[in-house]
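Lettering of chains follows the sequences in order, A, B, ..., and the numbering in each one begins at 1.
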Amino acid sequence: MLTMALLRQDPEGVKKKLHRKHFAPVEIIDYIIGLDDRRKKLQSDVDNLLAQINAASKEIGQLMAKGQREDAEAKKQAVAGLKDQLQPLQNEQTQVEQELHDELVKVPNLPADLVPDGKAAADNLVVKEGGTKPVLAQKTPHWDLIKQYDLIDFETGAKLTGSGFPLYKGKGAKLQRALIQYFLDHNTDAGYLEYIPPYMVNQASAYATGQLPDKEGQMYHITADNFYLIPTAEVPVTNIYRDTILKPAELPVKMTAYTPCFRREAGSFGADVRGLNRVHQFDKVEIVQLVDPATSYQVLDEMVAHVEKLLVDLELPYRILRLCAGDMSFNSALTYDFEVFSAAQEKWLEVSSVSNFETFQANRMKLRYKEESGKTQLLHTLNGSSLALPRIVAALLENNQTPEGIKLPKVLHRYFGSEMI
RNA sequence: GGAGAGGUGCCAGAGUGGUCGAAUGGGACGGUCUCGAAAACCGUUAUAUGGGCAACUGUACCGAGGGUUCGAAUCCCUCCCUCUCCGCCA
C-alpha cells in the first residue's frame with residue numbers, strides 16, 4: 001500500500017510511474033486524494049464535537065458531586081443534542097475511511113527508476129548470464145528421467161490428493177531433503193535466522209503481505225477455520241514482525257525458512273505444467289530482510305549475489321532478469337528473476353524471484369523502526385527464493401543425465417550421500 | 001472437547017463508573033555527582049490521527065468488535081488469544 005503522504009506530495013509523479021506499470025485507472029489517485037481531504041475535514045468536525053461532549057461530561061460529573069442535579073440534567077440535554085449531530089458525521093467518517101482504504105490497496109507499488117519499460121515477460125532485461133549449457137548426447141526430459149529412476153510418483157500423488165501433488169520417493173525424496181538442507185545452510189551461514197513457521201496463516205497475515213484481497217483465488221482456503229495455506233514462506237515469516245517498531249540496532253532483520261508452498265494456480269494448463277514445471281505443492285527456501293530504507297537497494301544486490309552463488313555452486317546455467325515494469329508483481333518496486341536452463345526441454349525455468357518492496361508491505365503491516373531522533377519510519381522489506389526446488393530438480397536431472405546415471409554437482413555430494421543418482 | 005482464571009504501557013503489576021494515558025516497581029535513555037564507573041538523586045520514556053511553521057493542542061486507543069451511560073480500562077454481549085485442571089493424543 002502506497003503512503004498517503006507520497007500521493008499528496010507528488011500526485012503527478014505517482015501517476016507517471018503507475019503508467020509505466022500499465023496501471024490504467026490513474027484518475028483514482030485524484031479521487032483518493034479527494035477522499036483524504038474529506039476524511040480530514042470529517043475528523044476535524046467529529047473531534048470538535050467529541051471535545052465538547054467530553055468537556056460537558058466532565059462538568060456534569062462536577063455538578064453531580066456538588067449536588068446540583070438540575071444543572072446536571074440541563075447539561076445532559078445539551079449533550080444529547082451534540083450527540084445527534086455527531087452520529088451522522090461519524091457514520092460518514094467510517095464510510096469514507098473504509099472507502100479510502102479500499103481504493104488505496106488497489107493501487108500497485110511504483111516501479112523503481114532502474115526498472116525497464118515494458119509490458120510483458122518478453123520485455124524483461126537479461127542483466128547477467130552464467131554457467132554453461134551442457135551438450136547432451138540424449139535429451140530426455142525430466143519427467144521421463146523421474147520415471148526411469150523412480151524418483152517421483154505423480155500418479156499416486158494424484159490418487160492421494162489430486163494432480164499437481166507430487167509423491168517423492170526414495171532418492172527423489174532424499175534429493176529434496178539434501179537441497180533444502182544445503183540451501184538453509186547457505187542462508188544461515190550468511191547470517192539469516194532460520195525459522196519453521198506455521199504452514200497456514202490467518203486472514204490478517206495474508207492481507208498484510210498482499211495476498212489478500214487480490215490473490216484470494218490462488219490460495220487454498222480452509223473455510224472451517226478461515227485459514228489459508230501459505231503460497232510462500234514470505235507470508236508467515238514477514239508477518240513475524242507485523243505491527244512492530246524496531247530499534248535501529250535490531251536492523252537488518254535477516255530471516256530464512258523452508259516451507260512447502262501451496263498454490264492453486266487456477267486456470268493454468270498446457271505444456272508448461274508437465275512434470276515439475278508447475279505443481280500445486282512444492283518446496284521452497286525463502287529469505288526475507290527488513291532493512292533501513294537507506295540501505296535497501298544495496299541489500300537487494302547482496303541478496304541477488306547470495307542466490308546467484310547457489311546456482312553457481314549447483315553448476316547450472318542461469319540468467320538473471322530485471323523484470324520490466326509491466327511484468328513485476330503488484331507489490332514490488334524492483335524484481336530480479338533467476339532462471340535456469342533446463343537442457344532437455346530447452347527452456348528457461350524461473351527458480352527465484354528477489355524483490356525490494358520498499359515501504360509497500362511495511363505500510364500495510366505497520367512495520368516501522370524508530371530513528372535515533374525518535375521519529376518512526378516505515379522499513380523496507382525484501383525477499384527472495386533461495387531456492388524453489390522443483391525446477392531446480394528438473395534442471396539438475398536434465399542437464400546432468402549420462403548413460404551411467406545423473407551426476408550431481410559436487411556441492412550436493414555431502415548432503416545427498418553419493419555423487420550419482 | 002469440558003471446567004475455571006485471565007488478557008492493562010518496553011516488562012512486571014495496581015486500578016471495578018467521572019478527578020485515568022492510567023498508581024507502583026523494574027528496564028532503557030538523558031542529567032547531577034565522579035578521574036572514570038557503580039550507587040544515589042532528578043528528569044524523560046507509547047501509537048495513530050486532526051489543527052498549527054512551531055511551541056503546543058484536539059481526538060482515538062487499556063486483546064478485537066458491538067452495546068449501556070451525560071461519562072467506560074472499569075458494566076453488558078459476541079469473538080479471538082493465554083494460563084491451570086480434566087479428557088484425548090503424536
How far, in whole Å, is U69(B) from C77(B) if one measures between their C1' atoms? 16 Å
For nucleotides U49(B) and A40(B), find the distance between their P atoms and express it as a whole number of Å. 39 Å
Tell me whether the rings of H280(A) and F165(A) are parallel (<30°), tilted (30 to 60°) or perpendicular (>60°). tilted
Whichever of S44(A) and I53(A) has its nearest RNA chain B nucleotide further upstream toward 5': S44(A)
Counted 5' to 3', the first and last nucleotides of RNA chain B within 4.0 Å (strictly under) of a heavy-atom of chain A are G18(B) to G71(B)
Pairwise C1' distance for C10(B) and G17(B), with rounding to whole Å: 30 Å
Heavy atoms, side chains only, cut-off 4.5 Å: are E12(A) and I29(A) in contact? no
Distance, P atom - from G63(B) to G21(B), rounded to whole angstrom: 16 Å
Considering every strand and a 4.0 Å limit on heavy-atom distances, what is the contact class for K247(A): base, sugar-phosphate, or nothing? nothing
Along RNA chain B (nearest heavy atom to each residue), the more 5'-positioned of N48(A) and D36(A): D36(A)
With heavy atoms under 4.0 Å as the rule, sort K40(A) into base, sugar-phosphate or nothing. sugar-phosphate
Sub-4.5 Å side-chain heavy-atom contact between I146(A) and L397(A): yes
For the P atoms, the ones on C41(B) and on U24(B), what distance do you get once it is rounded to whole angstrom? 15 Å
Apply salt bridge (Lys or Arg N to Asp or Glu O under 4.0 Å) to D37(A) and K41(A), showing your working. CA-CA 6 Å; D37(A) 289 338; K41(A) 174 76 171 66; over 6 Å; no
For Watson-Crick and G-U wobble pairs within 3.5 Å on both distances, what is RNA chain B written in dot-bracket notation, | included for inter-strand pairing? ((((((((.[[[..)..(.....]]]((((((.......)))))).(((((....)))))..[[[[[..)....]]]]])))))))....
Are the ring centres of H306(A) and Y192(A) closer than 6.0 Å? yes
For nucleotides C62(B) and U16(B), find the distance between their C1' atoms and express it as a whole number of Å. 14 Å
Describe the nucleic acid contact of L50(A) in one word from base, sugar-phosphate, nothing, applying a heavy-atom distance below 4.0 Å. sugar-phosphate
pair Y369(A)-L378(A): side-chain heavy atoms closer than 4.5 Å: no
Classify the nucleic acid contact of K83(A) as base, sugar-phosphate or nothing, counting any heavy atom under 4.0 Å across all strands shown. sugar-phosphate
Which pairs with one or both residues in residues 90-104 of chain A pass salt bridge (Lys or Arg N to Asp or Glu O under 4.0 Å), sequence neighbours excluded? R38(A)-E92(A), E103(A)-K106(A)
Euclidean distance for P, G65(B) against G13(B) (whole angstrom): 25 Å
Taking any heavy-atom pair under 4.0 Å as a contact, classify A56(A): base, sugar-phosphate, or nothing. nothing
Quantified in whole Å, what is the P atom distance between nucleotide A64(B) and nucleotide C11(B)? 14 Å
Under 3.5 Å side-chain donor-acceptor pair for R391(A) and S342(A): no
Looking at H22(A), H19(A), R20(A), which hits side chain to side chain donor-acceptor pair (under 3.5 Å) with D117(A)? R20(A)
Take the angle between the ring planes of F360(A) and F330(A) and call it parallel below 30°, perpendicular above 60°, tilted in between. perpendicular
